[in-house]
Chemist: 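Right, I'll just put the structure down here and ask away after.
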Amino acid sequence: MSKARHTIALFATLFVFWVLLNGTLAPDTLVIGVLVALAIALLFPNSLSALDDLAPLPRVAGAVVRFLAYFIIQLVKANVALAYVVLAPSLPINPGIVKVRTKLKSPVGRLLLANAITLTPGTLSVQLEDEFLYVHWVTVDSDDIEAATASIVAGFEKELEVIYG
Amino acid sequence: MGTLLDLLGGLLLVAGTTFLLLGGLGLVRMPDVYNRIQAGTKATTLGTLLTLAGAACLQPGWTIKLGLIGLFLLFTNPLSSQVLARAAHRGGLHPAGVTKVDRLAEDNPRELGPKELGEPS
């Protein structure tokens, strides 16, 4: 994405957040919002934005919805699984740090993947090195890189691949 | 309609705080810092989201702001968990004795260092 487009996208995101947080369209609020959002957008031209590296819109919309649906289902499953582990008298954990591989190239795609992994059943991203993620896993099924990738990464990666090409 | 929303909001609040309670219990029961972070991340995310949803049902005027709080939470919560875990590992904190495998330590042999005798695990 070009630098100008990046600045505009960042400005628009910040400004929309400002308006939503204030909950008013009063002129003085809007003017302050424009000034602050513009200053931040110009001062931080190299920051990451979720809008970077986005694939063309029509293809993305469906994938975003599927990603969010999958994410919410996983989030609920994570909490139920954790509730079971914590309440079981024997504390049935089998922890370990496994290594998995991602096919995603975009930095934002990898960031969202790492975040999604951290929020799902018993997995916590510890380190991201190039295409490898080190993930702490409360109940290790397999420390084989391919098997662990299939069970931790694959579900999210499928949709993120579409979104961030 | 109002009472129905109040009921739904109350139920969501109870469900959310239950998950937060279980997360707190997890913090006490888990054997090492990495597993404790796991308990902290999961429970606080869904617990707080449900609590926010409950609050939105009770105070519909706040829905947008509560939604934004939820969005911030979804981005900042995993980030801070990851940084805590990374810092703990880099600082040489060994995972608990029940830990089966540590690929990160295998690939960065000098990071953890030898386990000291008598170190709790």
Side-chain angles (χ1 to χ4, degrees), chain A residues 16-23 50 68 71-72 75-89 91-100 111-112 114-129 132-145 148, chain B residues 15 18-19 21-35 37-43 45-47 49-50 61-62 64-65 67-69 71-72 74-90 95-96 98-108 111:
Chain A
V16 168
F17 264 94
W18 171 264
V19 172
L20 289 177
L21 275 174
N22 275 285
L68 288 177
F71 172 71
I72 290 169
L75 183 59
V76 174
K77 276 164 76 180
N79 279 269
V80 174
L82 181 92
Y84 167 74
V85 166
V86 166
L87 287 175
L91 198 65
I93 60 172
N94 179 30
I97 297 178
V98 297
K99 192 176 179 183
V100 296
L111 171 71
L112 290 182
N115 278 3
I117 287 172
T118 300
L119 289 165
T120 43
T123 51
L124 164 69
S125 313
V126 179
Q127 170 81 330
L128 175 62
E129 270 178 23
F132 294 106
L133 275 159
Y134 295 89
V135 177
H136 183 268
W137 200 357
V138 171
T139 51
V140 174
D141 293 338
S142 164
D143 67 9
D144 173 58
I145 189 164
Chain B
T18 306
F19 276 117
L21 176 72
L22 290 173
L25 187 61
L27 284 181
V28 178
R29 292 202 67 196
M30 289 297 194
D32 65 5
V33 64
Y34 307 101
N35 288 298
I37 292 172
Q38 297 258 23
T41 339
K42 310 298 180 274
T45 315
L46 189 63
L49 288 181
L50 287 174
W62 295 356
I64 292 175
K65 280 184 197 181
L68 286 180
I69 295 173
L71 194 63
F72 278 122
L74 283 177
F75 274 94
T76 53
N77 184 322
L79 194 70
S80 44
S81 314
Q82 182 267 325
V83 172
L84 277 174
R86 190 72 197 90
H89 204 275
R90 190 166 280 172
V98 287
T99 302
K100 290 286 174 292
V101 58
D102 187 348
R103 292 273 180 239
L104 187 55
E106 285 169 24
D107 289 355
N108 304 275
E111 193 165 299

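In what follows, chains carry the letters A, B, and so on, assigned in the order in which the sequence lines appear, proteins first and then strands, with residues in each chain numbered from 1. Below, all heavy atoms of this structure are taken into account, side chains as well, without hydrogens, waters or symmetry copies.
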Chemist: Which answer fits T45(B), side chain, backbone, both or neither, if we ask what part of it has an atom under 4.5 Å from a heavy atom of chain A?
Modeler: side chain

Chemist: Identify which part of L49(B) has an atom lying under 4.5 Å from any heavy atom of chain A, answering side chain, backbone, both or neither.
Modeler: side chain

Chemist: Do any N or O atoms from the side chain of Q38(B) and from the backbone of H136(A) form a donor-acceptor pair under 3.5 angstrom?
Modeler: yes

Chemist: Output yes when a side-chain donor or acceptor of S125(A) lies under 3.5 Å from a complementary backbone atom of I117(A), and no otherwise.
Modeler: no

Chemist: With heavy-atom distances below 4.5 Å as the criterion, would you say the side chains of I97(A) and H89(B) are in contact?
Modeler: yes

Chemist: So, do D32(B) and N35(B) sit near enough that their side-chain heavy atoms are less than 4.5 Å apart?
Modeler: yes

Chemist: Once rounded to the nearest 0.5 Å, what's the spacing between atom CD1 of I37(B) and atom CG of L27(B)?
Modeler: 10.0 Å

Chemist: Does any heavy atom of chain B fall under 4.5 Å from the side chain of L87(A), the backbone, both, or neither of them?
Modeler: both

Chemist: Less than 4.5 Å to any heavy atom of chain A: does that hold for the side chain of L25(B), its backbone, both, or neither?
Modeler: both

Chemist: Heavy-atom distances under 4.5 Å only: say whether F17(A) touches chain B with side chain, backbone, both or neither.
Modeler: both

Chemist: Using heavy-atom distances under 4.5 Å, tell me whether L21(A) contacts chain B through its side chain, its backbone, both, or neither.
Modeler: both

Chemist: Report which part of L71(B) has an atom under 4.5 Å of a heavy atom belonging to chain A: side chain, backbone, both, or neither.
Modeler: side chain

Chemist: Quick one: are V98(A) and V140(A) in side-chain contact, heavy atoms under 4.5 Å?
Modeler: yes

